[in-house]
Structure formats: structure tokens, C-alpha cells
2 protein chains.
Amino acid sequence: MIYSIGELARRTGVKIPTIRYYEQMGLMEPPERSSGNQRRYTQHGLERLSFIRHARQLGLSIEDIRELVDLSQRPERPCHEAHQIAARHLENLQARIAKLKKLEKELKRITGGSDTGQVGACHVIRALADHSLCDGDHG
Amino acid sequence: MIYSIGELARRTGVKIPTIRYYEQMGLMEPPERSSGNQRRYTQHGLERLSFIRHARQLGLSIEDIRELVDLSQRPERPCHEAHQIAARHLENLQARIAKLKKLEKELKRITGGSDTGQVGACHVIRALADHSLCDGDHG
DNA sequence: TATATTCCCTCTAGTAGCTATAGGTTCAAG
DNA sequence: CTTGAACCTATAGCTACTAGAGGGAATATA
């Protein structure tokens, strides 16, 4: 099967300009072109794009994905590195979740006050103005 | 007290170019200048910057903060709007946390496999290539 | 074969929220 | 009065796209 860029977009849910962007960034390899210079992808291109999309959905950076793609093209290389990239990303993710949970806690506190009056005495605004009112260890 | 931009930066932990950026974005009001055109801030400027920093740490957008700043300058306005901004942000945050937790789960699964061999049979890479291997509802 | 519609091409610029650099001026201390 | 740190503006860069202009290519129908 041969796919146009639009077909690829439809099948993967990745938008057309994004596919071209991935090509520019070296994630997608430049495909063959039709006589009229339009991109023509094979099954291989479809699989590569699925890989990229999946990794992006998991929050991996373009740079990380480039590493993984390079690794996957050298099957003799040790798997260790791929594992490390994923593990490093998991750590980042867990740190981010922890931080967001702290923020959630403070926002809940801030929005929990009684705010029926005027801005002059607004709990939300006072809480933001005075960091000392909060638990203090975010950021 | 009068502060230079550097003093303000030191006291709030916000970098100098960032303070100027906030001025450009309309969050900080343009301060008085010295005879040699350098910014001179008052206590008011320091407080405003603390407010902004705190809100940014909570993940509020520049746009949201601009609204809050505008509100806080009109003490007769109802507090309701400020409350809504914070509440809306809390919802976003909770959605983000939920999503990241899903990703965490899948990344844990991916990195949990035995990956001592070569890339050719790497679990990490296979899992990324084949979305059908995962629980499927992320993204 | 003509035409209409849909698709595709490249290139440029815009988004958020900064950060970094270049090239020059001012302030404060000694 | 000189030195060195701090400051100024303006511009460009970062991530990961997205949108638009202005045009060519592919395809379906008449």
C-alpha cells in the first residue's frame, strides 16, 4: 500500500503540518515523491509515525524520540539505552505529578474560601498576593 | 524603599529578563526611571511581582494573571470572577493530573519488562511501536 | 477533454513563556 | 576619575506545533 500524507494523517490522527514538521526534525525519513512532488509513504512510514505518535502521547520529547528511533534502527545495540530513556521519562513524570498535586491542594484551599463579596476582600487574590498564607513548599 | 530591577529579582527569585517580559506583557506596570533611564521600583512593584510569581508557580497563564491583576485594581468589582478563574484552573489541573497518571501507568508497564538484551527484541521499543499493546485510552 | 474540487506543495510567521546574546550606557565605590 | 558591576534596548532562539498565503497536482465528473 502507498499512502498520501493525508491518508497517513487520517490513519494516525497526526495532522499534516505536524507530519512535515517531524520530517524536518529528522523523526520521519523523507519519503519517495510522486511525479508531481507529493509525498508517498509506505507501510514503513505508517508504522514509524504510529511509533512517534504513541511516544508523544506518553510525553516523550522530540529529542528522546529521535534517540529511540535511531536505536531501533540499529538492532545490534543494547536495549539498555532505550530502557533508560523510558525510565528517565518516568521519573520526570512522577516528579511532575507530585508537584501538580501540591498545586492542586493549594488551589483547592484558595478556591475553598467564602468569596461572595467584592474583590477588595477577596480570598483568592489575598492568597495569591501573600505567599506566606500557603503551605509554602511549592515551586 | 526603592529597588533596582536586580534587587527585585534577588528578592523574588524572578530573573531580570523575565521581569522586563512581564512589563511588556502588561502584568507589571512600567515603573519610574532614574535619570539614567534605569527602572526604579517601589514596595508596590515588589508586591505585584510576588503576586505574579506565586500565580505562575500555581500554573496560571499570563492571560489569567492579567485578568486577576486587573480585577485586583478594581476593588468594587465582585470577587466572583477571581474565584472563577482559580476554579477553572483547578479543573484543568485535575484533568492534567488524571492524564499524567494514566501515562505513568503505561510507562511503568513499558519499563517493567525484562530489557537485558538487544534492541531488536526490546520491550520498550515494541511497546511504543504497537499501541495495541497498551491499555489504549490515553491521548 | 474540460473543469471543478480536493488535495498537496513550500515558505513564513505566529503561539507561550521565557532565556540568551550583542552592543552600548549608567551607577556606585574607591 | 576610573573601574567594574549592573543596567538599557533590540533581536533571536527555545519546544512542538499550528495557521496562512499563494500556488501546483490528482481525481471525479460532464
Find the distance [X]:[atom1] to [N]:[atom2] and express it as a whole number of Å.
X: A:Arg10; N: C:dC7; atom1: CZ; atom2: P; answer: 11 Å
X: A:Tyr3; N: C:dC7; atom1: OH; atom2: C1'; answer: 18 Å
X: B:Ile16; N: D:dT9; atom1: CD1; atom2: P; answer: 12 Å
X: B:Glu7; N: C:dC27; atom1: CD; atom2: C1'; answer: 14 Å
X: B:Gln38; N: C:dG24; atom1: CD; atom2: P; answer: 18 Å
X: B:Glu63; N: C:dA16; atom1: CD; atom2: P; answer: 8 Å
X: A:Tyr21; N: D:dG20; atom1: OH; atom2: P; answer: 19 Å
X: A:Tyr41; N: C:dC9; atom1: OH; atom2: C1'; answer: 12 Å

Practice task
Applying side-chain contact (heavy atoms from CB on, under 4.5 Å), run through A:Ile85 and A:Arg88 and close with a yes or a no.
Solution key: CA-CA 5 Å; A:Ile85 291 170; A:Arg88 163 162 45 84; 3.6 Å; yes
Practice task
Enter the distance from A:Arg48:CZ to A:Ile19:CD1 here, rounded to the nearest 0.5 Å.
Solution key: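 It comes to 13.5 Å.
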Problem - Selected nucleotide, minimal atom distance to A:Arg33 side chain, candidates C:dT19, C:dC9, D:dT18 - result: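 For the A:Arg33 side chain, the nearest candidate turns out to be C:dC9.
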Practice task
Output the single nucleotide from C:dC9, D:dA16, D:dC7 whose closest atom is nearest the side chain of A:Asn37.
Solution key: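 Shortest atom-to-atom distance from the side chain points to C:dC9.
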[X] vs [N]: side-chain N/O to OP1/OP2 distance below 4.0 Å:
X: B:Ser35; N: C:dC27; result: yes
X: B:Arg39; N: D:dC8; result: yes
X: A:Ser34; N: D:dA25; result: no
X: A:Thr18; N: D:dA16; result: no
X: B:Ser4; N: C:dC27; result: no
X: B:Tyr22; N: C:dG17; result: no

Practice task
Using a heavy-atom cut-off of under 4.0 Å over every strand shown, decide if B:Arg20 touches base, sugar-phosphate, or nothing.
Solution key: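 It contacts base atoms.
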Practice task
For A:Arg56, answer base if it contacts any base atom (sugar-phosphate contacts may also be present), sugar-phosphate if it contacts only those atoms, and nothing otherwise; contact means non-hydrogen atoms under 4.0 Å.
Solution key: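 Sugar-phosphate: the residue A:Arg56, judged by heavy atoms under 4.0 Å, touches backbone atoms but no base.
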Practice task
Would you tell me whether A:Tyr41 and A:Glu32 have side-chain atoms, one donor and one acceptor, within less than 3.5 Å of each other?
Solution key: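 There is no such pair between these side chains.
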Exercise for the section: Ignoring hydrogens and angles, state whether a donor on the side chain of B:Gln94 or A:Glu104 is under 3.5 Å from an acceptor on the partner side chain. Expected result: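 There is such a pair between these side chains.
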Problem - First of B:Ser61 and B:Gly36 reached from the 5' end of DNA chain C, by closest nucleotide - result: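 Upstream on the strand: B:Ser61.
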Exercise for the section: Return yes if some donor-acceptor pair links the side-chain N/O of A:His83 with the main-chain N/O of B:Thr111 below 3.5 Å, else return no. Expected result: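 Here the side-chain-to-backbone pair exists.
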